[in-house]
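Structure first, then comments.
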Amino acid sequence: MPKPLFILNGPNLNLLGQREPDVYGRETLDDIRQLCAQRATALSLSIDFRQTNQEGTLVDWLHEAKDAACAVVLNPGAYTHTSVALYDAIKAIGVPVIETHLSNPAAREPFRHHSYVAPAARGTIAGFGSTSYVLAVEAAARLVAAQ
């Protein structure tokens with residue numbers, strides 16, 4: 001089995017199911033973790049699923065992924081729109097990163113339309129609720145298989 005797929009989650013995602021359910025849905029982050037684990041297992045991958053509210057911790061985890069992960073699924077939350085540090089970390093690690101979002105940032109407030117992460121990521125999957133994560137796991141599996 002290859003190295004695990006890191007699934008990294010940024011700020012406020014620990015509040016899923018409670019925070020703005022009309023935008024983010026009623027599923028919890030643990031529900032999403034379970035969906036990802038099931039899909040990854042079916043694709044012969046293991047996952048390392050994490051959440052933090054700290055930008056620096058996300059950067060540290062991306063650095064760790066350089067040697068410890070086969071790929072990364074990253075939901076940077078609000079750091080999507082503010083973090084040059086995440087952009088730099090993704091560019092530095094050489095591991096495929098797939099940006100993912102539950103909602104569609106392009107259909108929301110104007111300040112959410114710009115992603116600092118997208119230019120460094122291999123691709124972005126957004127707007128499909130928890131299915132965005134499942135699709136990102138599938139995309140990661142394809143990237144890993146192609147390596």
Donor-acceptor list for residues 71-81 side chains, cut-off 3.5 Å, not counting sequence neighbours:
unit_1: N75; atom_1: OD1; unit_2: G77; atom_2: N; d: 3.0
unit_1: N75; atom_1: ND2; unit_2: Y133; atom_2: OH; d: 3.1
unit_1: Y79; atom_1: OH; unit_2: N53; atom_2: O; d: 2.9
unit_1: Y79; atom_1: OH; unit_2: E55; atom_2: N; d: 3.3
unit_1: T80; atom_1: OG1; unit_2: G77; atom_2: O; d: 2.6
unit_1: H81; atom_1: ND1; unit_2: R112; atom_2: O; d: 3.3
unit_1: H81; atom_1: ND1; unit_2: H114; atom_2: O; d: 2.9

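Of all heavy-atom pairs between A121 and I90, the closest is N-CG2, 4.3 Å. In terms of heavy-atom proximity, S130 sits nearest to E27 at OG-OE1, 2.7 Å. Annotation for S115 and E99: closest pair OG-OE2, 3.0 Å, computed over non-hydrogen atoms. Between K3 and A68 the shortest heavy-atom distance is CB-O, 3.5 Å. Closest non-hydrogen pair, A139 versus I125, comes out as CB-CD1, 4.3 Å. Residues F6 and W61 approach most closely at CE2-O, 3.8 Å, considering heavy atoms.
Taken to the nearest 0.5 Å, the CG atom of D88 stands 11.0 Å off from the CG atom of L62. Here CG of L13 is found 7.0 Å from CZ of R19. Values are rounded to the nearest 0.5 Å.
Residues L102 and I32 have side chains in contact (heavy-atom distance under 4.5 Å, counting atoms from C-beta outward). Counting heavy atoms from C-beta outward, L35 and V137 have side chains that stay 4.5 Å or more apart. Counting only heavy atoms from C-beta outward, the side chains of S103 and R108 approach each other to under 4.5 Å. Under the 4.5 Å side-chain criterion, counting only non-hydrogen atoms from C-beta, P4 is not in contact with L45. Residues L86 and Y116 are not in side-chain contact: their nearest non-hydrogen atoms beyond the backbone lie 4.5 Å or more apart.
A distance-only check finds no donor-acceptor pair linking the side chain of K66 to the backbone of V95 [under 3.5 Å]. T28 places no side-chain N or O within 3.5 Å of a backbone atom of G17 that could act as its donor or acceptor partner. Although no hydrogens or angles enter the test, the distance criterion places no donor-acceptor pair under 3.5 Å between the side chain of Q51 and the main chain of L29. Looking at S132, its side chain does come within 3.5 Å of a backbone N or O of H101 through a donor-acceptor pair.
Looking at R50 and E64, a side-chain N of the basic residue comes within less than 4.0 Å of a carboxylate O on the acidic one, giving a salt bridge. We find that R33 and D30 are joined by a salt bridge, their nearest charged nitrogen and carboxylate oxygen being less than 4.0 Å apart.
Exactly one residue among T57, L8, N14, N9 makes a side chain to side chain contact (heavy atoms under 4.5 Å, CB included) with T52. That residue is T57.
Residues forming a side chain to side chain contact (heavy atoms under 4.5 Å, CB included) with L143 (at least two apart in sequence, or on another chain): P96, I98, R122.
L16 and I7 fall within the same hydrophobic cluster, defined by Ile, Leu, Val, Met, Phe, Trp and Tyr side-chain heavy atoms under 4.5 Å apart, directly or through other members.
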Checklist line | Test log, rule side-chain contact (heavy atoms from CB on, under 4.5 Å), inputs L5 and D48 | finding: CA-CA 6 Å; L5 170 64; D48 186 337; over 6 Å; no
Note to self: Please evaluate residues F128 and L135 with respect to the criterion side-chain contact (heavy atoms from CB on, under 4.5 Å), reporting the C-alpha separation (whole Å), side-chain torsions for both, the decisive distance (0.1 Å), and the verdict.
What the structure shows: CA-CA 9 Å; F128 300 103; L135 294 170; 4.1 Å; yes
